[in-house]
Amino acid sequence: MRHKKSAPNRSHRVSDQIQRDVAELIRDLKDPRIGMITINHVDVTPDYAHAKVFFSVLTGDSQACELALNEAAGFVRNGLFKRLQIHTVPTLHFHFDRTTERAAELSALITKAVKDKAKDADDVPADTKSPGEAQPE
């Protein structure tokens, strides 16, 4: 007996649907530790037993929010049972996504480096500039 192959993008579709549904279900949580959050990405294992849910925090403490979300994971999973039409609804594991923080830090570093380079270029005396550069008048 041959097993039916699943559709090639099924896991992507399932993770996208879980992302949308979890975002809606989290709005109903009453825990004050959970501030304004965004669900960035969901990784689902091939057997759909576990799902890593990556989120970013707009307001509030990220560690407290992660703890609260992991405590409420059973409630959110129960809501997924009612919404998803798949055989196995995954166990949810929430992880704080530091991507936006890292991007902001890198952007600040790049801006600082550009300003420092421009400042250094302005501080160079005119007689030490290379002959190809234009001399200010």
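- Linking ILVMFWY side-chain heavy atoms closer than 4.5 Å, directly or via other members, places L84 and F94 in a single hydrophobic cluster.
- Listed by first then second residue, pairs satisfying ring-ring contact (aromatic ring centres under 6.0 Å, His included) with a partner in residues 20-46 number zero, not counting sequence neighbours.
- Legend: residues meeting side-chain hydrogen bond (donor to acceptor under 3.5 Å, both in side chains) with T45, ordered by chain and number and at least two apart, are D47.
- With a 4.5 Å cut-off between side-chain heavy atoms of Ile, Leu, Val, Met, Phe, Trp and Tyr, the cluster of M36 takes in L58.
- Applying the side chain to side chain contact (heavy atoms under 4.5 Å, CB included) criterion to A64, with sequence neighbours excluded, gives R33, D61.
- Put simply, F54 and Y48 are part of two different groups of oily side chains (I, L, V, M, F, W, Y) that touch within less than 4.5 Å, one to the next.
- A search for side-chain hydrogen bond (donor to acceptor under 3.5 Å, both in side chains) contacts involving T99 returns D97, not counting sequence neighbours.
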Report all side-chain donor-acceptor pairs from residues 73-83 shorter than 3.5 Å, counting only partners two or more places apart or in another chain.
unit_1 : atom_1 : unit_2 : atom_2 : d
R77    : NE     : V89    : O      : 3.1
R77    : NE     : P90    : O      : 3.1
R77    : NH2    : V89    : O      : 2.7
R83    : NH1    : E24    : OE1    : 2.7

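- Atoms SG and CD1, on C65 and I37 in that order, are 4.5 Å from each other to the nearest 0.5 Å.
- Other residues, nucleotides and ligands place no more than 12 heavy atoms under 6.0 Å from the CD atom of Q63.
- The line from NZ of K52 to NE2 of H93 is 8.5 Å long, rounded to the nearest 0.5 Å.
- Contact annotation: the side chain of K119 never approaches that of K117 to less than 4.5 Å [non-hydrogen atoms, C-beta and beyond].
- Note: D21 CG to I39 CD1 = 11.5 Å, rounded to the nearest 0.5 Å.
- Residues passing the side chain to side chain contact (heavy atoms under 4.5 Å, CB included) test with T111, sequence neighbours excluded: S107, K115.
- Summarising the geometry, atom CD belonging to Q19 is positioned 10.5 Å from atom CG belonging to D43; distances are rounded to the nearest 0.5 Å.
- Residues forming a salt bridge (charged side-chain N to carboxylate O under 4.0 Å, His left out) with R20 (at least two apart in sequence, or on another chain): none.
- For the ring-ring contact (aromatic ring centres under 6.0 Å, His included) test, residues two or more places apart in sequence or in another chain that qualify with F55 are F96.
- Scored by the side-chain hydrogen bond (donor to acceptor under 3.5 Å, both in side chains) test, D116 finds no partners at all (sequence neighbours excluded).
- Side-chain contact between V44 and S11 is absent, with no heavy atoms from C-beta onward closer than 4.5 Å.
- Here the CG atom belonging to L69 is positioned 8.0 Å from the CG atom belonging to D31, to the nearest 0.5 angstrom.
- The hydrophobic side chain of L67 is isolated, with no ILVMFWY side chain under 4.5 Å apart from it.
- Here the OG-CD distance, from S62 to E101, works out to 6.0 Å after rounding to the nearest 0.5 Å.
- A salt bridge (charged side-chain N to carboxylate O under 4.0 Å, His left out) check over residues 102-113, counting only residues at least two apart or in different chains, returns nothing.
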